[in-house]
Amino acid sequence: MSPAPVIIAIDGRSGAGKTTLAIELAARLREHHKVSLFHLEDIYPGWNGLAAGIERYVTTVLAPLHRGDSAEWVSWDWTAHYDGDTRTTQPAEIVLVEGVGAAAEAARPYLAAAIWADSPEQDRRSRALARDGESYEPYWDDWAAQEEAWLAGDDVPARADIRVLNLADGAAPAEVLQALQYLPSLAPVLLPELGARLGLQLRAERIDAAPDPALLFESLFGRSANAVWLDSSLSPDGSTAAERSRFSILADDGGPHGQSVRHSSGTTRVSVGNASVTSEGPFFRWLDGVWGHRTLRGPEDYPCEFTLGWLGYLGYELKRETGGSDVTAETPDACLLFAGRAVVLDHVERTVWLLALDTADAGDWLETARTAATGAAVGQAAASGREDRASGAVGPYAPGHALNFAARDSEVSYKAKITRAQHEIAEGNTYEVCLTTALTAILPAAALDPRQAYLALRRRNPAPFASYLRFGDLTVASTSPERFLRIAADGGMRAEPIKGTRHRDADPAKDALLRHELESSPKDRAENIMIVDLLRNDLSHFAVPGSVSVSRLCAIESYATVHQMVSTIDARLRPGMPRAEAVAACFPAGSMTGAPKVSTMAILDRLEGAPRGVYSGAIGYFSLSGATDLAVAIRTLVLTDQAGDGTGLSLGVGGAITADSSPQEEYEEIRTKAFGVLSALGAEFPAG
């Protein structure tokens with residue numbers, strides 16, 4: 001008896017390309033493993049034998065193979081329409097079984113993984129008849145009816161670990177092989193494939209140019225379903241904020257290594273081209289498995305920490321994994337894409353870096369990106385008249401329909417929640433409550449262009465952590481000024497919480513007075529210092545003892561529409577500590593919860609009565625260098641397709657409540673914070 005093999009089923013309706021997929025997948029797996037292949041069509045007892053064939057397959061093939069024994073089974077003679085000879089399938093390290101019913105309910109206890117192959121019906125029929133000729137055509141409808149009856153009682157597609165749309169373009173085997181590597185049950189056997197990630201090589205090119213970022217993004221990624229633009233839209237000017245504004249990163253999930261992931265309520269779905277794999281478990285545990293090790297270093301003279309990797313957002317409801325309660329959001333709890341190629345703009349050196357994993361098509365992509373970068377140079381774009389259209393450099397953005405936001409909380413109800421928060425403080429249940437609410441609107445389909453809306457935001461309210469994220473039917477447009485957490489490749493950690501806000505005034509004297517008022521406000525300083533203490537504690541869980549320090553306390557930074565009070569906390573990550581867990585220890589940002597964090601999050605759940613979604617989470621990257629840089633998702637507009645009912649817009653706003661907060665002043669503060677986004681869209685804060 002041999003060791004029990006790993007059995008992987010490839011299921012799908014007739015004509016979905018299962019046989020070709022299995023053969024080509026087996027060829028790839030044989031580079032590192034001994035692989036056996038079994039075809040169910042050899043065992044079905046006739047054209048009406050689907051149910052009986054599944055039973056034969058489970059009892060005479062799967063059961064013995066699962067024990068490590070040879071499987072002896074009776075074949076079917078399709079010419080004689082009767083039982084044929086007895087055959088033997090030997091166990092191997094990996095056994096692939098393919099055919100309709102391969103992942104049936106009775107088979108699942110024996111399987112390590114189940115793959116469901118989809119294909120358009122017209123393609124399935126033509127493929128099946130081309131393969132089996134006229135012998136199949138008289139039985140197509142009967143066989144299809146058996147498939148329908150079987151699937152009506154056994155929803156294999158819903159239970160499959162991996163689903164793939166097999167377009168017969170040769171891409172499916174490689175996509176499925178990548179997807180298989182995300183299944184924990186296969187990790188031990190696929191160690192050689194997983195280890196190949198550590199051997200990735202980076203190709204990089206430096207170009208002396210300063211292209212218009214909006215034009216370059218549109219040129220390279222404008223038609224990508226999933227794309228990210230981490231946009232340092234605040235021009236470097238020597239201020240403290242300039243350090244955060246040096247780099248912009250533009251990427252999508254194209255190319256051989258491109259992937260995207262969505263996580264909701266404990267379920268993670270990774271898409272690799274037309275294949276997708278679903279797994280259950282905490283998101284930060286999943287993140288730790290795909291990021292956190294220094295697997296790719298940049299060129300010696302490359303100044304940015306991003307060396308390709310994951311980019312996107314983490315939503316506030318991931319707090320369920322960090323001490324908060326389990327709340328379901330309407331948007332995914334996390335959306336990330338894996339970029340195997342990207343463009344990095346260095347706004348200080350005025351250079352462009354093209355990055356790509358070394359694959360067969362890397363040279364072609366680098367040539368395309370090089371042409372786009374030089375063609376999008378600001379001077380050339382302006383000369384051709386393209387700059388205005390791409391970057392929105394002239395005129396306000398006006399949706400094709402009146403944009404009227406509604407408030408989740410009226411002024412009266414929001415002030416009442418402030419009073420309830422102060423009661424919790426008086427009872428000793430919390431020191432500070434970062435209360436939030438939301439403004440929402442729905443526009444008819446095509447009445448608003450998300451990209452143009454973002455360009456208006458970045459023009460009206462430039463910020464060091466601005467970002468534009470597109471994940472299919474979900475778009476995030478953010479002009480955040482606040483860093484949540486940075487972990488450098490060498491382990492340096494930094495958090496820069498913002499607490500304390502005043503609006504800007506066109507009158508320089510009044511503006512200076514507002515800045516001074518914020519700088520000298522005991523209340524705002526108290527709010528800021530409480531969050532500094534909270535973050536010192538969060539960072540200390542994974543920091544080298546004695547390395548936590550406050551290098552800047554209650555400094556004032558001025559942006560286009562607001563003055564902000566900012567502090568900086570630094571630390572050093574202990575060697576060997578899991579980086580994803582270090583992020584989790586600080587999540588969500590203390591500046592968006594209050595202190596102490598866990599008990600205050602519970603209070604917020606009761607007061608707010610609704611999920612926050614993307615708002616209050618984090619936006620940024622997780623680099624293959626082991627570095628991460630994440631912003632707090634504030635000043636953030638979330639746009640979602642409403643299943644044919646138009647586009648939904650959501651803008652979260654809030655502020656810190658302390659014992660001496662004035663409800664009226666706190667209400668005015670959320671109006672101030674919303675102003676930058678609303679004014680860019682020609683909208684106003686809703687009355688009442």
Check [X] against [Y] and note the closest heavy-atom contact, atom names and distance.
X	Y	result
His263	Thr268	ND1-OG1, 2.7 Å
Val74	Gly84	CG1-O, 3.9 Å
Leu40	Gly99	CB-CA, 4.0 Å

Report yes or no: does [X] contribute a side-chain atom to a donor-acceptor pair with the main-chain N or O of [Y] at less than 3.5 Å?
X	Y	result
Asp11	Gly101	yes
Glu321	Phe284	yes
Ser75	Asp85	yes
Lys18	Arg13	yes
Glu205	Trp353	no
Gln181	Leu177	yes

Any side-chain heavy-atom pair of [X] and [Y] under 4.5 Å:
X	Y	result
Phe622	Leu336	yes
Ile619	Leu630	no
Leu469	Thr475	no
Asp252	Phe217	no
Leu220	Leu250	no
Leu308	Leu202	yes
Leu200	His257	yes
Leu314	Phe587	yes

**Report entry** Set of residues satisfying side-chain contact (heavy atoms from CB on, under 4.5 Å) with respect to Glu105, sequence neighbours excluded
**Finding:** Arg108, Asp154
Report task. Give the intermediate values and the outcome of side chain to side chain contact (heavy atoms under 4.5 Å, CB included) for residues Asn166 and Asn274. Result -> CA-CA 7 Å; Asn166 190 358; Asn274 289 310; over 6 Å; no
Ion pair [X]/[Y], N-O distance below 4.0 Å:
X	Y	answer
Arg262	Asp333	no
Arg223	Glu218	no
Glu72	Arg87	no

Requested in this report: Apply the ring pair (Phe, Tyr, Trp, His ring centres under 6.0 Å) test between Trp310 and each candidate in Tyr621, Trp286, Trp291; give the one that qualifies.
Outcome: Trp286
Report task. Determine whether more than 12 heavy atoms belonging to other residues, nucleotides or ligands lie under 6.0 Å from atom CD of Glu330. Result -> no
Query raised in the report: Just wondering, more than 12 heavy atoms not from Gln642 lying within 6.0 Å of its CD?
Result: yes
Query - All pairs passing side chain to side chain donor-acceptor pair (under 3.5 Å) where residues 50-65 contributes a residue, at least two apart - result: Arg56-Asp83
Query raised in the report: Taking the six-membered ring for Trp, is the centroid-to-centroid distance between Tyr139 and Trp47 below 6.0 Å?
Result: yes
Report task. Hey, could you give me each pair passing salt bridge (Lys or Arg N to Asp or Glu O under 4.0 Å) that has a residue in residues 161-172? Not counting sequence neighbours. Result -> Asp118-Arg163
Query - side-chain hydrogen bond (donor to acceptor under 3.5 Å, both in side chains) partner of Arg269, the single match among Ser260, Ser279, Ser264, Ser276 - result: Ser276
Query - Pairs where residues 143-178 contributes a residue and the test ring pair (Phe, Tyr, Trp, His ring centres under 6.0 Å) is met, not counting sequence neighbours - result: Tyr44-Trp143
Query raised in the report: So which of Val189, Leu186, Val277 actually passes side-chain contact (heavy atoms from CB on, under 4.5 Å) with Leu180?
Result: Leu186
Query - Those residues that, when tested against Asp641, pass salt bridge (charged side-chain N to carboxylate O under 4.0 Å, His left out) (two or more places apart) - result: none
Report task. Please name all residues satisfying salt bridge (charged side-chain N to carboxylate O under 4.0 Å, His left out) with Asp449, sequence neighbours left out, ordered by chain then number. Result -> none
Query raised in the report: Is the closest side-chain donor-acceptor distance between Ser70 and Gln90 under 3.5 Å?
Result: yes
Query raised in the report: So, Glu93 versus His32: side-chain donor-acceptor pair below 3.5 Å or not?
Result: no
